[in-house]
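In what follows, chains carry the letters A, B, and so on, assigned in the order in which the sequence lines appear, proteins first and then strands, with residues in each chain numbered from 1. Just so it is clear, the structure is predicted and the values come from calculations on it, not from any experiment.
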There are 2 protein chains.
Amino acid sequence: MEKEIPLLNNMNVSAIDFEKYEQKFKALADQQRLQIINILALKESVCVCDLTPIIDMPQSKLSYHLKILLEADLIKKEKRGTWNYYSLNIKELKDLLSNQLCCVFLPSCC
Amino acid sequence: MEKEIPLLNNMNVSAIDFEKYEQKFKALADQQRLQIINILALKESVCVCDLTPIIDMPQSKLSYHLKILLEADLIKKEKRGTWNYYSLNIKELKDLLSNQLCCVFLPSCC
DNA sequence: TAAATACATCAATAATTTTTGATGTTAGGA
DNA sequence: TCCTAACATCAAAAATTATTGATGTATTTA
């Protein structure tokens, strides 16, 4: 059962919301992950193998960071054969970030 | 000297920017701090002594979290006598968050 | 079918962040 | 001047996250 916090604003903000936002902001709260998002903003869809040479990171580490972004629903994953293609979850990012930030972390936003 | 990352988007995104955003998102990436922001969104300006009973937290812990928000420039502090009043840095939050999120974390945004 | 590529996952370690309780500082009141 | 309230800060411990290198699993390709 969801714990209800008294109406604190003109929106009904429940505890579960804070938890959700915490996860999303945590995913954003890392320079390396912000860089990944910034690269994805350019490339539409990128496989891990393309990402590894661009971003200077061991493969397992990259995998770890991609997973965090994925679990926060900020990016999407699509498997094609042996390759896993990642792309931005544009709707989610727009719901989260200001237009100004979209210029940095979303394609063709400005 | 600031490391310049090649132009990755229609904005000139330098390494230092990622660092700045990392700090701000880190500050947001915590349920307790989000709750503090949400309370400040209602109250305009609140002293720590008013906050302590509302938010169930030892004083030193509250002080710690306020400092993190302050250092990320998401809130402001004003000293009046013995009291320290905190309030949202509305401009900064608007620059960071979507309108949708402003409804939760900013006053009279929706 | 054997080897190689493209990943994910795991367990151990390292690093960072958070919590706690104690102490320090400053301003105001008795 | 002494006492108290309202904080900030500090150091130690606890908790969480991140990094690393190794291993596992598909899917291709030779």
Side-chain angles (χ1 to χ4, degrees), chain A residues 15 18-40 43-88, chain B residues 15 18-40 43-88:
Chain A
F18 288 124
E19 197 177 331
K20 185 182 81 179
Y21 294 129
E22 178 183 72
Q23 188 192 15
K24 287 176 194 297
F25 287 130
K26 257 185 192 152
L28 290 170
D30 180 281
Q31 286 190 64
Q32 304 175 94
R33 290 194 290 268
L34 288 176
Q35 200 195 341
I36 292 172
I37 292 177
N38 184 255
I39 291 170
L40 291 180
K43 304 258 185 175
E44 295 257 331
S45 190
V46 180
C47 67
V48 182
C49 56
D50 284 339
L51 227 41
T52 323
I54 299 176
I55 199 164
D56 185 35
M57 217 181 263
Q59 176 263 320
S60 68
K61 189 175 170 180
L62 182 54
S63 226
Y64 167 77
H65 286 296
L66 286 170
K67 193 180 184 187
I68 285 184
L69 290 170
L70 196 64
E71 284 172 349
D73 204 25
L74 301 183
I75 63 175
K76 294 186 263 185
K77 178 182 183 174
E78 192 200 344
K79 186 166 174 126
R80 283 184 233 154
T82 325
W83 296 275
N84 282 339
Y85 284 84
Y86 286 92
S87 59
L88 297 184
Chain B
F18 287 125
E19 198 178 329
K20 184 182 81 180
Y21 293 130
E22 179 184 71
Q23 188 192 17
K24 287 177 194 295
F25 287 131
K26 255 183 193 153
L28 290 170
D30 181 283
Q31 287 189 62
Q32 303 173 97
R33 291 193 291 267
L34 288 176
Q35 201 196 340
I36 292 172
I37 292 176
N38 184 255
I39 291 170
L40 292 179
K43 303 256 184 176
E44 294 258 332
S45 191
V46 180
C47 68
V48 183
C49 56
D50 284 339
L51 227 40
T52 323
I54 298 177
I55 198 163
D56 186 33
M57 219 181 262
Q59 176 263 322
S60 68
K61 190 176 171 179
L62 181 55
S63 226
Y64 166 78
H65 285 295
L66 286 170
K67 191 179 186 189
I68 286 185
L69 290 170
L70 195 65
E71 284 173 348
D73 203 25
L74 301 183
I75 63 175
K76 295 186 265 187
K77 179 183 182 173
E78 193 202 343
K79 188 166 173 128
R80 284 185 234 152
T82 327
W83 295 276
N84 282 339
Y85 284 84
Y86 286 93
S87 59
L88 297 184

When you measure from the side chain of Gln23(A) to the backbone N and O of Glu71(A), does any donor-acceptor pair fall under 3.5 Å?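 The answer is yes, because a donor-acceptor pair under 3.5 Å joins these two groups.
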Do the side chain of Arg33(A) and the main chain of His65(A) share a donor and acceptor less than 3.5 angstrom apart?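 Judged by distance alone, no pair lies under 3.5 Å.
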Report yes if a side-chain nitrogen or oxygen of Asn84(A) is closer than 4.0 Å to either non-bridging phosphate oxygen (OP1 or OP2) of dA6(C); otherwise report no.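 No, because none of the side-chain N or O atoms of Asn84(A) sits under 4.0 Å from OP1 or OP2 of dA6(C).
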Within less than 4.0 Å of OP1 or OP2 of dT19(C), is there a side-chain N or O belonging to His65(B)?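 Looking at the OP1 and OP2 atoms of dT19(C), one of them is under 4.0 Å from a side-chain N or O of His65(B).
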So Cys47(A) and Tyr86(A), do their side chains get closer than 4.5 Å, heavy atoms only?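 Contact flag for Tyr86(A)/Cys47(A) side chains = no.
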Interatomic distance where [atom1] belongs to [X] and [atom2] belongs to [N] [whole Å]:
X        : N       : atom1 : atom2 : answer
Phe25(B) : dT16(C) : CZ    : P     : 21 Å
Tyr85(A) : dA8(C)  : OH    : C1'   : 17 Å
Tyr64(A) : dA15(C) : OH    : P     : 15 Å
Leu62(B) : dT18(C) : CG    : P     : 14 Å

Between atom CD1 of Ile54(B) and atom CD1 of Ile39(B), what is the distance when rounded to the nearest 0.5 Å?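 It is 5.0 Å, given to the nearest 0.5 Å.
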With salt bridge (Lys or Arg N to Asp or Glu O under 4.0 Å) as the rule and sequence neighbours excluded, what pairs involving residues 78-88 of chain B come up?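 Applying salt bridge (Lys or Arg N to Asp or Glu O under 4.0 Å) to every pair that reaches into residues 78-88 of chain B, excluding sequence neighbours, yields Glu78(B)-Arg80(B).
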Test of understanding: with side chain to side chain contact (heavy atoms under 4.5 Å, CB included), list the residues that count as partners of Gln59(B), not counting sequence neighbours.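 Gln59(B) satisfies side chain to side chain contact (heavy atoms under 4.5 Å, CB included) with Ser63(B) once adjacent residues are dropped.
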With Leu34(B), which residues qualify under side chain to side chain contact (heavy atoms under 4.5 Å, CB included), at least two apart?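 Leu34(B) satisfies side chain to side chain contact (heavy atoms under 4.5 Å, CB included) with Phe18(A), Tyr21(A), Phe25(A), Leu28(B), Phe105(B) only.
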Do any pairs count as a side chain to side chain donor-acceptor pair (under 3.5 Å) and have a residue in residues 45-54 of chain A, sequence neighbours left out, and if so which ones?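 For residues 45-54 of chain A, and leaving out neighbouring residues, there are no side chain to side chain donor-acceptor pair (under 3.5 Å) pairs at all.
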Residue list, side-chain hydrogen bond (donor to acceptor under 3.5 Å, both in side chains) with Lys61(B), at least two apart or on another chain: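 With sequence neighbours excluded, Lys61(B) shows a side-chain hydrogen bond (donor to acceptor under 3.5 Å, both in side chains) to Gln32(B), given in chain and number order.
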Contact boundaries on DNA chain D for chain B, cut-off under 4.0 Å to non-hydrogen atoms: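 Listing 5' to 3', DNA chain D meets chain B from dA6(D) to dT9(D).
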All N/O contacts under 3.5 Å from nucleotides 1-3 of chain C to the protein, with atom names and distances to one decimal?
none

Under the rule for salt bridge (charged side-chain N to carboxylate O under 4.0 Å, His left out), what residues qualify as partners of Lys26(B), not counting sequence neighbours?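 For Lys26(B) the salt bridge (charged side-chain N to carboxylate O under 4.0 Å, His left out) partners, ignoring immediate neighbours, are Glu22(B).
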With the threshold set at under 4.0 Å for non-hydrogen atoms, list the residues of residues 67-83 of chain B touching DNA chain D in residue-number order.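 Going residue by residue through residues 67-83 of chain B, the ones with a heavy atom under 4.0 Å of DNA chain D turn out to be Lys67(B), Lys77(B), Thr82(B), Trp83(B).
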Among Ile68(B), Leu66(B), Ile75(B), Leu88(B), side chain to side chain contact (heavy atoms under 4.5 Å, CB included) partner for Ile36(B):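 Of all the options given, the one that passes is Leu66(B).
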Between residues 45-61 of chain B and DNA chain C, which residues have a heavy-atom gap below 4.0 Å?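 Under 4.0 Å from DNA chain C: Pro58(B), Ser60(B), Lys61(B).
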When you match Leu66(B) and Ala29(A) each to their closest nucleotide on DNA chain D, which lands nearer the 5' end?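 In this pair, the answer is Leu66(B).
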So which heavy atom on Leu74(A) is nearest to which on Lys24(A), and how close?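 Closest pair (atom of Leu74(A), atom of Lys24(A), distance): CD1-O, 4.0 Å.
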